[in-house]
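What follows is a set of notes on a single structure, which appears directly below.
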Amino acid sequence: MSSLAAQNSAREAAPAAGAAPGTTQGPPPRRRVAFVPTLVLLLGAVYCLLPVAWVVMAATKSGKELFSTLTLLPGTGFADNLADLTAYRDGIYWQWMGNSALYAGLGALLSTAVSAVSGYALAVYRFRGRETVFNILLAGVLMPPVILAIPQYLLLAKADLTDSYASVLLPLVLSPYGVYLGRIYATAAVPADVVEAGRMDGAGEWRIFARIGLPMMVPGLVTIFLFQFVAIWNNFLLPYIMLSDDEKFPMTLGLFTLLAQGNSQPALYTLVITGSLLAIVPLIALFLVIQRFWSLDLLSGAVKS
Amino acid sequence: MQFTMRRRLVATSIAVALGATTLAACSSDSDGKDAADSGPVSLTYWAWAPGMDKVAAIWNKGPGKEAGIQVTVKKQASGDELVTKIITAAKAKKAPDLVQAEYQAIPTLVSNDVLADITDEVKGTKDKFAPGIWQQVTLGTDSAYALPQDSGPLMFYYREDLFKKYELTVPTTWDEFAETARKLKKEDSSKALTTFSANDSGQFAGLAQQAGAKWWTTEGQKWKVSIDDAATKKVADFWGGLVEEGAIDNQPMYTPAWNKALNTGKQIAWVSAVWAPGVLTTGAPDTAGKWAMAPLPQWSKGENATGSWGGSSTGITNDSQHKEAAAKFATWLNTDEEALAAMVKEGGIYPAATAAQTGGALSKAPDFFSNQPDFYTKAAEIAKTTAPSAWGPNVNVAYTTFKDAFGKAAKAKSKAQFESALTAMQDDTVTDMKKQGFEVAE
């Protein structure tokens, strides 16, 4: 478990490596351990790992041990916590987990599809208004989704769609950032020559997209899918505004209701901590599984240049 | 060239389709809303207390079935965010029929046209509640905007064993309270009677309430804000003084460190509400059976008043198509013996209805207080003395400033800063109300 977490965090820490080369100066010494970059990386790893370690350790503590034993010592209550969590209101936690998977899986899939089609269209075709459409989308990238949640709620309320699965999925289908990435990636990965060659051979536009463009875009689409999946999995405000029925809640919202039950009720810390730990497991698993698709990047390339 | 034209068209329509996905959502027709009043009325109820669905199930099987009224509970997370969510839902005309609302949120919900005036629907329930509690759902008028559900009268909790050990007597006035704190410091400087914490504004509001403060009142069509009135000043000075001289601690509540301080006996008392046993059970598990509860110290001998910390009510929204049916359920929920007993059992709440404050699940002391068998009898006596409170339409703003300003003052251990923090609370609240367009009397 902790090794999985370690890998995940190591990836998050990776950007720190970018800063490291600048810190070593002068001609690069050969065969010498680069202490400064290693140190920076280690610090970054510790910084990212410590909270994860806290969650892992705290999840093993019973309610009695949680605040009274040493922070990073394992407790004895993990099995009990798990059982309590599963028993809580007839296993509604797993319902939330399933909902999160549905929102994130289906939402990311739909949004990747839209991003692929529109990114390809924006990259390959020249038409009037193309740049305008693209610039509007760029403005959308700069707009934090948080401020859109309430207008989206009011719109969906007019269509009587609030408090339904669709109310959370629909606003997520169009992701400006996804379309932006789609276009950038299509421009880089789908050479105009290949498209032209397809036309010469008599393929229709849809066929060129589906058989030639799309396979070339796969690594980029995987990235978009992952971005969207993680964003939706962690999303809070949109479902918070849209949903009132707690059987449709995603994980984030469900755990929040466990914390806030009015001040006459102690917060269910142990359940929330155990629940949060389980909630990151699917994300880590997804990263590990999907990671391999990124390497396809190297294989693509159909024209000499 | 025809092909290029067609290609362009396809491309354009794809790009346009992007925008349409979001628009499509609002163009679909909204028919089939609210079937006419045939068959049983179905109501939705947003609540956060645990086990509310089980209480509603009792209604749905029994009295609700007879009356043809079915209630569905949709569990929410409590807090200020819920108030925002309800207001947003009401703007879209999608608010549920019934909502659980904290007392201090009622004015906000009324001024946003969310809660309906249910004076006629709940006639005859007034005398089932302590006057100080009832006053919170009427906002000091002759109307009623909600029914009291649960309450949190303030009390004084202390470690019985350690009080004996240090030969301390249970304080009955705040002067004695200060003396007790000083005496304990002298006996053992590593201990503190309690702490002043700025991270839950409800406690301070309750203490001010006990001293007779009325933070928001109306004068004709205008609001009057008096958060920095004499009564509140007295409370702020008292606690500021104790913090400045070091007689009590200044660390916040509800932190792991605080839990530890209670669990190990570093802090030996806590001014809290009737629901404290639950918090102590999880926070200080090793001290079971060592605590006792007493009435809150008074400002002068012979007085008998307490404030409240927390508590909530059941309101009915203007969006509800079936206000009368909703009122029937709300009345049953908050006055019927069976309903109240179920709420106590399933939700662990302390009922606002006076008759339900003893007996039933409350006939036995909480496990944590097994050494004090008359816990709830005593609590019910105290609950009757709850002083009225006066909430306004922007309690959240006052509370936010409280947390910031008093938090800093406590950290600085400065009595003078406690005073200026109170002024800041008053000023911020008035400024915000004016900005929101309320008329405020100076």
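All values below come from the heavy atoms of this structure, side chains included, with hydrogens, waters and symmetry mates left out. Quick note on labels: first sequence line is chain A, next is B, and so on, each numbered from 1.
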Please step through side-chain contact (heavy atoms from CB on, under 4.5 Å) for the pair B:T88 and A:Y153, ending with a clear verdict. CA-CA 8 Å; B:T88 314; A:Y153 173 81; 3.8 Å; yes

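Contact of B:E81 with chain A is made through backbone and side chain together, with heavy-atom distances under 4.5 Å. Contacts of A:L243 with chain B are made by backbone atoms alone, with heavy-atom separations under 4.5 Å and no side-chain atom involved. Heavy atoms of A:S244 lying under 4.5 Å from chain B belong to its backbone as well as its side chain. Residue A:Y88 touches chain B through its side chain alone, counting heavy-atom pairs closer than 4.5 Å. When heavy atoms are compared at a cutoff of 4.5 Å, A:R130 does not approach chain B at all. Contacts between B:A257 and chain A at a heavy-atom distance below 4.5 Å are absent for every atom of the residue.
In summary, A:D163 and B:K74 engage in a salt bridge, as defined by a charged side-chain N under 4.0 Å from a carboxylate O.
In B:K345, the NZ atom is not crowded: 12 or fewer heavy atoms of neighbouring residues, nucleotides or ligands sit closer than 6.0 Å. Heavy atoms of other residues, nucleotides or ligands lying less than 6.0 angstrom from CG of A:D90 number 12 at most. Annotation for A:F209: atom CZ counts as buried by contact number, over 12 foreign heavy atoms lying within 6.0 Å.
One finds the CG atom of A:D160 at 3.5 Å from the NZ atom of B:K94 (value rounded to the nearest 0.5 Å). Distance check, rounded to the nearest 0.5 Å: CD1 of A:I150 to OG1 of B:T84 gives 7.5 Å.
Nearest heavy atom pair, residue A:I241 against residue B:K85, reads O-CE, 4.3 Å. Residues B:K75 and A:T257 share a closest heavy-atom pair of NZ-O, 3.9 Å.
Ranked by non-hydrogen atom pairs under 4.5 Å with chain A, the options B:A273, B:A276, B:G152, B:A89 are led by B:A89. Between chain B and the residues A:Y240, A:Y120, A:F256, the most heavy-atom pairs under 4.5 angstrom are made by A:Y240.
Here the side chain of B:K91 pairs no donor or acceptor atom with the backbone of A:L154 at under 3.5 angstrom.
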